[in-house]
Undergrad: 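Please find one structure pasted underneath; my questions will follow.
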Amino acid sequence: MTLSICTAQLNFVVGDMPGNAQKIIAAAREAHAQGAQLLLTPELAVCGYAAEDLFLRPAFLAACDDAVKTVARETAGLQGLVIVLGHPQAVAPGAPAFSPCHNAASVLRDGQVEQTYFKRELPNYQVFDERRYFVAEQTPCVVDVAGVRVGVLICEDAWFPAAARDAAAAGAQLLAVINASPFHLGKSAEREQTMRERVAETGLPLIYAHLVGGQDEVVFEGRSFALNANGTVAGRAPGFKENLFVARAQSAQGAIELVADVAPVPSAEADLWDALVLGVRDYVGKNRFPGALLGLSGGIDSALVLAIAVDALGADKVRAVMMPSPYTADISWIDARDMAERLNVRYDEISIKPQFEAFKAALATEFAGLPEDTTEENLQARIRGTLLMALSNKFGAVVLTTGNKSEMATGYCTLYGDMAGGFAVIKDVAKTRVFDLARWRNANDPYGTGTNPIPDRIITRPPSAELRPDQKDQDSLPPYEVLDAIVARYMENDEPIESIIAAGFARADVERVTRLIKLNEYKRRQAPVGVRVTRRSFGKDWRYPITSQFRA
């Protein structure tokens with residue numbers, strides 16, 4: 001006995017049901033031509049993940065139902081191929097449910113829906129809101145494919161023992177899990193380890209079919225995989241790219257053994273780079289922007305964003321604008337020009353000195369007798385934001401903001417200034433990791449856009465906003481090594497203040513950083529969406545009130 005299983009690791013567009021259906025149909029035809037007998041699509045493949053409150057609209061669910069029928073009809077002639085299709089399905093009329101639909105997986109054979117499985121475990125943490133939209137069911141689904149009994153699960157079902165156990169009790173010989181599980185650093189290893197636990201509990205091999213692509217702030221890295229009953233990795237698809245991943249199930253001494261190609265696991269920096277590149281490419285592409293532009297300051301953050309943007313979009317779709325102020329050092333524009341030349345992007349310089357002086361003159365009477373302070377610093381940032389948004393409006397390119405997670409946490413950024421834009425590429429990348437990524441990218445050229453794109457001086461010089469004479473970031477913040485460690489413990493891991501202090505951090509630093517995190521919630525609420533790459537970002541999985549007297 002040999003069963004050929006194809007995982008359609010594909011990049012779908014939320015809400016494009018006709019386009020998604022055609023992509024699934026094309027994959028089914030190719031899989032069938034290669035001899036596959038089972039095709040697994042990702043979770044909610046028909047509509048894309050996550051469709052959020054679109055699930056509340058009856059017309060959306062009706063369009064999804066039409067797409068399921070289209071896939072069934074167009075694949076009816078693919079004899080011998082069974083398709084597991086992820087989609088939402090409206091709750092039956094009159095059912096006692098508060099949510100409108102099920103997270104479903106339908107089994108298609110010979111153009112017919114043979115049976116439909118409804119997701120059992122509905123995650124409601126981090127970026128997930130599935131109990132808002134879906135109704136859970138507990139009936140297992142086991143389908144016979146070429147003599148092999150396959151138990152179907154959907155994503156979160158396999159993160160707990162019950163659903164896999166019930167599928168095994170219903171006669172499953174192989175577990176097939178379809179997924180849309182957002183990326184964060186280390187998540188791939190977590191998935192494989194958790195699925196290894198299901199394999200150990202049931203004694204069954206498992207194949208994990210995963211989504212790939214960017215959707216607003218989340219990224220899905222693909223990297224579908226197969227585990228044998230002893231927990232070893234039998235196969236793994238490459239990450240961050242579409243792939244028809246094929247595994248073969250063979251009978252070996254009465255048990256099923258899976259065999260497939262095994263893609264290597266890259267470094268954390270390579271994973272992070274790929275996630276950021278895919279997030280930018282899909283945000284720009286799926287929202288049909290003709291390209292992107294950003295303010296290139298000669299500093300490390302904008303340099304990193306420029307390198308990511310070029311890898312994501314190509315140099316011809318990226319524009320860099322240097323906007324010097326009276327406090328911009330010569331080395332800043334020299335390094336900015338150098339980097340733009342290295343990456344071959346359009347580069348322009350627009351001085352903000354005239355506008356800055358005009359604003360100060362307009363406010364001179366109001367500010368008479370008062371010293372210059374952050375007000376004048378913010379004026380410069382807001383002039384730059386206005387110029388970038390004007391270029392965006394005129395030419396259609398989306399503005400990429402360049403602030404990092406350390407700045408977002410502490411409010412070391414200007415509302416309507418450097419925060420102005422359409423997509424915040426590195427808003428979930430801490431400053432210390434910004435430097436690590438810059439060094440990694442200079443040593444690697446994963447997309448063939450050029451080696452060593454970031455001038456060394458940009459990486460080695462002390463970071464500065466250059467909004468007043470001789471300004472350095474560390475004039476206003478603790479050292480980034482300290483700051484980022486506190487942010488990670490407090491914000492990402494929910495550690496109490498006293499525990500962080502007990503771990504060896506100075507009380508003054510901890511109190512200062514956590515206070516800044518609380519005070520700057522109002523800024524983050526008005527920040528553009530950006531790529532989520534950690535376990536917890538300042539996005540859907542951070543929901544704190546702006547008005548609050550409590551500080552954990």
Side-chain angles (χ1 to χ4, degrees), residues 5-14 16 19-20 22-31 33-34 36 39-45 48-49 86 155 177-192 207-226 233-247 260-287 307-315 317 425 437 440-441 444-450 531-533:
I5 306 165
C6 180
T7 291
Q9 181 173 291
L10 299 175
N11 189 341
F12 299 105
V13 179
V14 166
D16 182 14
N20 295 339
Q22 290 305 313
K23 181 168 277 197
I24 293 164
I25 292 164
R29 289 171 177 161
E30 184 173 345
Q34 294 179 8
L39 177 71
L40 303 175
T41 70
E43 178 181 12
L44 295 169
Y49 194 99
C155 203
V177 190
I178 67 171
N179 303 270
S181 177
F183 168 84
H184 64 246
L185 282 170
K187 187 66 177 285
S188 294
E190 289 178 30
R191 288 195 201 98
E192 289 189 10
I207 188 160
Y208 189 102
H210 194 212
L211 180 66
V212 67
Q215 169 59 29
D216 293 344
E217 71 184 71
V218 294
V219 171
F220 305 91
E221 81 270 34
R223 203 167 281 146
S224 304
F225 60 91
V233 174
R236 184 188 298 116
F240 300 100
K241 61 181 68 175
E242 292 188 315
N243 184 265
L244 293 184
F245 172 61
V246 176
D261 293 334
V262 182
V265 177
S267 68
E269 289 80 12
D271 251 10
L272 182 53
W273 192 267
D274 283 340
L276 294 167
V277 166
L278 183 57
V280 171
R281 180 186 298 139
D282 276 2
Y283 190 83
V284 173
K286 291 180 180 181
N287 287 293
I308 292 166
V310 171
D311 277 5
L313 307 173
K317 292 186 177 180
V425 179
L437 273 181
W440 180 88
R441 178 60 183 86
N444 297 271
D445 185 17
Y447 294 88
T449 60
V531 188
R532 174 186 184 268
V533 293

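Small disclaimer: the values here were computed from a predicted structure and weren't measured. Just the heavy atoms: all of them, side chains too, but no hydrogens, waters or symmetry mates, feed the values below.
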Undergrad: Would a 4.5 Å heavy-atom cut-off, applied to side chains only, mark Asn20 and Leu10 as touching?
TA: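 No, side chains not in contact.
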Undergrad: Is there a donor-acceptor contact under 3.5 Å from the side chain of Asn243 to the main chain of Lys241?
TA: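 Flag not set: sc Asn243 to bb Lys241 has no pair under 3.5 Å.
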Undergrad: Is there a donor-acceptor contact under 3.5 Å from the side chain of Lys286 to the main chain of Asp216?
TA: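 No, the answer is negative, given that no donor and acceptor are paired below the 3.5 Å cut-off.
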Undergrad: List the atom of Leu39, the atom of Ala27, and the distance in Å for their closest heavy-atom pair.
TA: CD2-C, 4.4 Å
Undergrad: Tell me the closest heavy-atom pair linking Phe245 and Gly235, and the distance in Å.
TA: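 Smallest interatomic distance, heavy atoms only, reads CZ-C, 3.6 Å.
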Undergrad: Measure the spacing between CD1 of Ile308 and CZ of Arg281 and express it to the nearest 0.5 Å.
TA: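 One finds 12.0 Å between CD1 of Ile308 and CZ of Arg281.
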Undergrad: With no hydrogens and no angle check, just 3.5 Å: does a side-chain donor-acceptor pair link Asp311 and Trp273?
TA: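 Trp273 and Asp311 do have a side-chain donor-acceptor pair below 3.5 Å.
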Undergrad: Given Phe12 and Ile24, is the side-chain contact (heavy atoms from CB on, under 4.5 Å) satisfied, shown in steps?
TA: CA-CA 9 Å; Phe12 299 105; Ile24 293 164; 3.7 Å; yes
Undergrad: For side-chain contact (heavy atoms from CB on, under 4.5 Å), just list the numbers for Leu276 and Leu437, CA-CA rounded to whole Å, side-chain angles, deciding distance to a tenth of an Å, and then say yes or no.
TA: CA-CA 11 Å; Leu276 294 167; Leu437 273 181; 3.8 Å; yes
Undergrad: Rounded to the nearest 0.5 Å, what separation is found between the CG atom of Leu211 and the CD atom of Glu242?
TA: 9.5 Å
Undergrad: Measure the shortest side-chain to side-chain distance between Pro182 and Phe220 over non-hydrogen atoms and say whether it is less than 4.5 angstrom.
TA: yes
Undergrad: Please check if atom NZ in Lys317 has more than 12 non-hydrogen atoms from other residues, nucleotides or ligands closer than 6.0 Å.
TA: no
Undergrad: What distance separates His210 NE2 from Leu40 CG, expressed to the nearest 0.5 Å?
TA: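 That separation rounds to 13.5 Å.
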Undergrad: What pair of heavy atoms forms the shortest contact from Thr7 to Ser224, and how long is it?
TA: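 Taking Thr7 first and Ser224 second, the nearest heavy atoms are CG2-OG, 3.4 Å.
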Undergrad: Taking all non-hydrogen atoms of both residues, which atom of Val14 and which atom of Gly48 are closest, and how far apart?
TA: CG2-C, 3.8 Å
Undergrad: Of the non-hydrogen atoms in Ile207 and Ala247, which two are nearest, and what is the gap between them?
TA: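 Between these two residues, the closest heavy atoms are CD1-CB, 3.8 Å.
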Undergrad: Side chains of residues 264-272: which donor-acceptor pairs under 3.5 Å do they make with residues two or more places apart or in other chains?
TA:
{"residue": "Ser267", "atom": "OG", "partner": "Ala270", "partner atom": "N", "Å": "3.1"}
{"residue": "Asp271", "atom": "OD1", "partner": "Arg223", "partner atom": "NH1", "Å": "3.3"}
{"residue": "Asp271", "atom": "OD1", "partner": "Arg223", "partner atom": "NH2", "Å": "2.8"}
{"residue": "Asp271", "atom": "OD2", "partner": "Arg223", "partner atom": "NH1", "Å": "3.1"}

Undergrad: Check whether more than 12 heavy atoms from other residues, nucleotides or ligands sit under 6.0 Å from atom CG of Asp261, and answer yes or no.
TA: no
Undergrad: Would you say Thr41's side chain and Ala8's backbone share a donor-acceptor pair under 3.5 angstrom?
TA: no
Undergrad: Do the side chains of Arg441 and Thr449 get nearer than 4.5 Å, heavy atoms only?
TA: yes
Undergrad: Is there a side-chain contact (heavy atoms from CB on, under 4.5 Å) between Ser181 and Arg191 once you walk through the steps?
TA: CA-CA 9 Å; Ser181 177; Arg191 288 195 201 98; 3.0 Å; yes
Undergrad: Taking the side chain as every heavy atom from C-beta outward, state whether Tyr49 and Val218 have any atom pair closer than 4.5 Å.
TA: no
Undergrad: What are the two closest heavy atoms between Gly279 and Val219, and how far apart are they?
TA: CA-CG2, 3.9 Å
Undergrad: Look at the side chain of Arg236 and the backbone N and O of Ala263, then say whether any donor-acceptor pair between them is shorter than 3.5 Å.
TA: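 Yes, the answer is positive, given that a donor and an acceptor are paired below the 3.5 Å cut-off.
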Undergrad: Around atom NZ of Lys187, are there more than 12 heavy atoms from other residues, nucleotides or ligands closer than 6.0 Å?
TA: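 More than 12 within 6.0 Å, yes.
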Undergrad: Please test Asp274 against Tyr447 for side-chain contact (heavy atoms from CB on, under 4.5 Å), starting from the C-alpha separation and ending with a verdict.
TA: CA-CA 10 Å; Asp274 283 340; Tyr447 294 88; 2.6 Å; yes
